[in-house]
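Structure, as structure tokens:
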Amino acid sequence: MEINEFTNRARKIRTAYHELEVKQDGRPWTTEQDALAFLTDAGLVGRLVMAQQGSWPAAQSEFSLDYKIAESIWWLSSLADANDIDMTTALESFLRSREQHLK
């Protein structure tokens with residue numbers, strides 16, 4: 001999947017969740033709430049990695065590591081979108097910067 005397709009699909013999903021949040025809470029989540037949700041999922045990624053590596057008790061989880069990693073990427077895309085950051089440009093810039101740094 002190309003990043004532009006991913007970004008468009010992620011945006012549509014986030015819009016649908018905003019509609020659910022309005023029904024549930026009377027308003028959509030703020031960008032700050034989205035950031036906190038991302039951090040929560042990122043923490044779960046850490047625990048799932050630790051469990052997979054044997055350094056954390058493997059508890060029954062309704063989500064797999066690959067699911068939570070993908071969800072974290074989705075959150076990052078949503079946060080970038082909410083802050084008018086083009087993911088393709090940001091990723092290209094970051095990768096170029098790291099490649100230059102490592103030369």
Side-chain angles (χ1 to χ4, degrees):
M1 172 185 341
E2 295 292 324
I3 194 147
N4 288 335
E5 178 188 356
F6 166 74
T7 300
N8 289 331
R9 289 173 68 185
R11 185 177 295 125
K12 287 178 185 175
I13 292 168
R14 189 68 198 102
T15 298
Y17 271 109
H18 277 309
E19 291 169 8
L20 289 173
E21 293 155 6
V22 169
K23 288 178 186 174
Q24 177 181 313
D25 301 332
R27 61 179 179 75
W29 282 9
T30 64
T31 304
E32 291 88 353
Q33 287 172 300
D34 287 353
L36 182 57
F38 160 68
L39 291 172
T40 300
D41 284 330
L44 291 172
V45 166
R47 289 282 170 92
L48 289 168
V49 167
M50 290 174 71
Q52 185 167 310
Q53 298 300 312
S55 62
W56 188 263
Q60 285 292 82
S61 174
E62 70 179 285
F63 301 109
S64 61
L65 177 57
D66 61 333
Y67 183 93
K68 280 298 174 186
I69 287 173
E71 186 174 17
S72 295
I73 294 167
W74 172 75
W75 275 121
L76 289 171
S77 176
S78 297
L79 290 167
D81 195 44
N83 287 282
D84 297 320
I85 296 169
D86 179 86
M87 288 288 286
T88 302
T89 303
L91 286 167
E92 285 291 337
S93 176
F94 169 77
L95 293 173
R96 190 172 27 261
S97 168
R98 294 298 86 208
E99 289 164 344
Q100 290 299 314
H101 177 76
L102 292 170
K103 285 186 177 184

(message) To the closest 0.5 Å, what do you measure between CD (E2) and CG (N8)?
(response) 12.0 Å
(request) Under 4.5 Å between side-chain heavy atoms, chaining through other members, with only Ile, Leu, Val, Met, Phe, Trp and Tyr counted: pull out the rest of the cluster around M87, sorted by chain and number. (result) I3, L91
(message) Under the salt bridge (Lys or Arg N to Asp or Glu O under 4.0 Å) definition, can you give me all pairs with a residue in residues 15-32, not counting sequence neighbours?
(response) R14-E21
(message) Using the side-chain hydrogen bond (donor to acceptor under 3.5 Å, both in side chains) criterion, which residues pair with S64? Sequence neighbours excluded.
(response) D66
(request) Scan for side-chain hydrogen bond (donor to acceptor under 3.5 Å, both in side chains) pairs involving residues 72-89, sequence neighbours excluded, and state none if there are none. (result) R11-D81, D41-W75, D86-T89
(message) Applying side-chain contact (heavy atoms from CB on, under 4.5 Å), can you list everything that pairs with L20, at least two apart in sequence or on another chain?
(response) Y17
(request) Name all residues meeting the side-chain contact (heavy atoms from CB on, under 4.5 Å) criterion together with A35; count only those two or more places apart in sequence or in a different chain, and write none if there are none. (result) L79
(request) Give a yes or no on whether L39 and L76 share a hydrophobic cluster (residues Ile, Leu, Val, Met, Phe, Trp, Tyr; joining criterion: side-chain heavy atoms under 4.5 Å apart). (result) yes
Name each donor-acceptor pair under 3.5 Å that joins a side chain in residues 93-100 to protein atoms two or more places apart or in another chain, with its distance.
none

(request) Could you pull out all residues at least two apart from R47 that satisfy side-chain contact (heavy atoms from CB on, under 4.5 Å)? (result) W56
(request) Using the test side-chain contact (heavy atoms from CB on, under 4.5 Å), find all partners of I73 that sit at least two apart in sequence or belong to another chain. (result) F6, I69
(request) Taking salt bridge (Lys or Arg N to Asp or Glu O under 4.0 Å) as the test, write out the residues that go with E5, two or more places apart. (result) R9
(message) How close do P28 and H18 get, counting heavy atoms only, and between which atoms?
(response) CB-ND1, 3.1 Å
(message) Starting from L102 and following side-chain heavy-atom contacts under 4.5 Å between hydrophobic residues (I, L, V, M, F, W, Y), which residues can be reached?
(response) none
